[in-house]
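Report on the structure given below.
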Amino acid sequence: MTDHDVAQDPDERRLSTREAADRLGVKPETVYAYVSRGQLTSRREPGGRGSTFDAKEVDALARRGGRREPSGAGSELAVRTGITLIDRDHCYFRGVDTSELAAHHSYEEVAEWLWTGEMRRGIRFTAPHDALVAARRAVDALPAHTGPMDRLQVAVIAAAAADPLRFDLSERAVLDTARSLIPTLVAALPRRTAGRPPGRAGAEGADAGRAGDGLAGAGRGGDGRGAYGEGGGEPGGAEPGAAEAPASELGSEDGPLAPRLWSRLTSEPADPPSLRVLDAALVLLIDHDLAASTLAVRVAASARAHPYAIISAGFGALDGALHGAASGLAHRMLLEVLDRGSAAAVVADHLRAGRRVPGLGHPLYPGEDPRARALFALLEDVPRARPALQAARDVITTTARHKEWHANVDLALAVLTVATGMPAEAGETIFAVARTAGWIAHALEEYDEPPLRMRPRGQYSGPRPPQPLP
């Protein structure tokens, strides 16, 4: 019998090495690597020249997600997930178009649905007192110049230290942690007020139990237009044509998350169209397949790190200049375009320096990033966004003369942050808060997998032993 033949057992189906490799999507030598690591068992049949493998065991390994090796050099780690699908310039959460979700549901509603499969209208996430006190005190101790990502990373560690039950990895405990951690992170950030630079939380940090400024009962209506004062079918939504809510009513610590975050990003007054853009951005950024930060989260969850630790792992990867900070580059570019009155010189400066033009192109989308498309449509309803929108269009038009680069979500975020007086790092803050919900969803998936499966095998490239003692 050759290695490619199938050995039949009267009690069970046996696979040849080639068949096992085909089912796993790997090379035959990788199958033997699985055997050496104890992930598969092999057996040689009497008189046979090759190993055989139990079909059920191979299928189980395939379901857990093994090392997929595409044709050509190198290989990539593939992880089975039921959270996000990116296909043909569309992004789907559990099979539902993310643009539709953002149009009809709030960030909290989509996060809860992603975690549990249940769409709970009007759900609100609340920060527990002990965690909020710890997070605000820790953030308040940082230097005044500290950036929001540093504050978020410190806040999650402080919240973890305040939670003695953080090592409970049962689904119910993880969900309780998720519902409390996200609002804790937002509330730990200092409010931005006119005339006061963002720095220490001051007196607000000591008063962790304050309810905030109102709007606790505002909700998003069934058509996605009622959360912030324009229509909708839930209590708290204003009738069409009603006066916009004053800024003091758009920042409650127990109301919708978007107004709470708004007050941490800008001192400018909130208006319903702008809040709809921010809430939609939070929804659209919840997840995006296995980005670098999400892979870091799954590795930590594979080692059975608690939810706070997996969020810390995600923040660590997100803090890289090539990941979460991309929207800040687009923000600065739009400011320069507005200052100089034209995108041509600004784009030329980027290309002359050998830099990519910020906010354009995405490796997963041949065309326009669907998240950008959805946000641009909402930004059309924000009067103060028109100059920044025109600047973004000018950038796209200028580059399109030479290369078909489409807008990505970073450019759309930059329009929002520039138009509303937010700082350059605001887009990264929005990204980090939004993605926390997606990381929890991935952690829940990974906790159901065999532990420590995220263990790629290193390919040693150093000097061959033995080497002399240094």
Side-chain angles (χ1 to χ4, degrees), residues 20-21 23-41 53 56-70 72-86 93-94 114-115 153 156-157 160 166-171 173-175 177-178 181 286-320 322-324 363-364 432 435-461:
R23 288 201 185 191
L24 292 167
V26 300
K27 298 174 183 177
E29 52 265 33
T30 304
V31 176
Y32 292 111
Y34 287 139
V35 174
S36 68
R37 296 201 295 265
Q39 294 175 278
L40 281 178
T41 55
F53 303 86
K56 292 181 180 179
E57 190 179 34
V58 172
D59 289 340
L61 178 60
R63 285 193 298 272
R64 293 197 299 270
R67 181 186 292 275
R68 308 292 298 182
E69 297 179 345
S75 64
E76 61 181 12
L77 183 68
V79 179
R80 293 177 183 269
T81 174
I83 299 172
T84 299
L85 171 67
I86 296 172
F93 293 162
R94 303 208 187 281
L114 200 63
W115 299 333
Q153 292 184 70
V156 73
I157 294 171
R166 62 187 179 276
F167 296 104
D168 183 351
L169 301 186
S170 65
E171 182 177 348
V174 172
L175 289 174
T177 297
L181 177 57
I286 284 177
D287 192 53
H288 205 233
D289 196 33
L290 288 181
S293 56
T294 304
L295 181 58
V297 161
R298 293 202 71 133
V299 171
S302 176
R304 296 304 183 258
H306 57 71
Y308 301 93
I310 70 111
I311 298 304
S312 292
F315 282 162
L318 191 66
D319 208 20
L322 300 180
H323 194 5
L364 298 183
R435 191 57 58 90
T436 301
W439 291 337
I440 292 293
H442 280 276
L444 288 169
E445 278 195 341
E446 195 59 41
Y447 288 150
D448 282 339
E449 298 287 354
L452 295 174
R453 71 181 184 127
M454 296 290 191
R455 181 61 172 85
R457 187 176 182 180
Q459 294 184 341
Y460 179 71
S461 59

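What you see below is based on every heavy atom in this structure, not just the backbone, and it leaves out hydrogens, waters and symmetry mates.
The shortest side-chain heavy-atom distance between H442 and L290 falls under the 4.5 Å cut-off. Under the 4.5 Å side-chain criterion, counting only non-hydrogen atoms from C-beta, E446 is in contact with M454.
Distance alone, capped at 3.5 Å, places no donor-acceptor pair between the T30 side chain and the V26 backbone. When atom types are taken as modelled, the side chain of S302 and the backbone of L452 share a donor-acceptor pair closer than 3.5 angstrom. Distance alone, capped at 3.5 Å, places no donor-acceptor pair between the R23 side chain and the V58 backbone.
Pairs engaging residues 293-317 under the ring pair (Phe, Tyr, Trp, His ring centres under 6.0 Å) rule: F167-H306, H306-Y308, F315-W439 [sequence neighbours left out]. The salt bridge (Lys or Arg N to Asp or Glu O under 4.0 Å) analysis of residues 302-313, with sequence neighbours excluded, yields no pairs.
Closest of all the heavy-atom pairs between A441 and L114 is CB-CD2, 4.1 Å. In this structure, I310 and A305 approach most closely via the heavy-atom pair CG2-O, 3.7 Å. Residues S293 and A317 come closest through the heavy atom pair CA-CB, 3.5 Å. Between P307 and Y447, the shortest heavy-atom contact is N-OH, 3.7 Å.
If you take CD on E57 and OG1 on T41, they are separated by 3.5 Å, rounding to the nearest 0.5 Å. Taking CG of D287 as the reference point, atom CG of L85 lies at 11.5 Å (rounded to 0.5 Å). F53 CZ to D59 CG: the interatomic distance, rounded to the nearest 0.5 Å, is 13.5 Å.
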### Message
The test is side chain to side chain contact (heavy atoms under 4.5 Å, CB included); show your working for W115 and I440 and say whether it passes.
### Response
CA-CA 8 Å; W115 299 333; I440 292 293; 3.7 Å; yes
### Message
The test is side chain to side chain contact (heavy atoms under 4.5 Å, CB included); show your working for R166 and T177 and say whether it passes.
### Response
CA-CA 8 Å; R166 62 187 179 276; T177 297; over 6 Å; no
### Task
Take I286 and T436, measure what side chain to side chain contact (heavy atoms under 4.5 Å, CB included) needs, and give me the verdict at the end.
CA-CA 7 Å; I286 284 177; T436 301; over 6 Å; no
### Query
Should D289 and T294 be marked as a side chain to side chain contact (heavy atoms under 4.5 Å, CB included) after you check the CA-CA gap, both sets of side-chain angles, and the distance that decides it?
CA-CA 8 Å; D289 196 33; T294 304; over 6 Å; no
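Counting only N and O atoms by type, the side chains of H288 and T84 include no donor and acceptor under 3.5 Å apart. Using modelled atom types, one finds no donor on one side chain facing an acceptor on the other under 3.5 Å when comparing S312 with Q153.
For R435, there are no side chain to side chain donor-acceptor pair (under 3.5 Å) partners at least two apart in sequence or on another chain.
Using a cut-off of 4.0 Å between Lys/Arg side-chain N and Asp/Glu carboxylate O, R298 and E445 are scored as salt-bridged.
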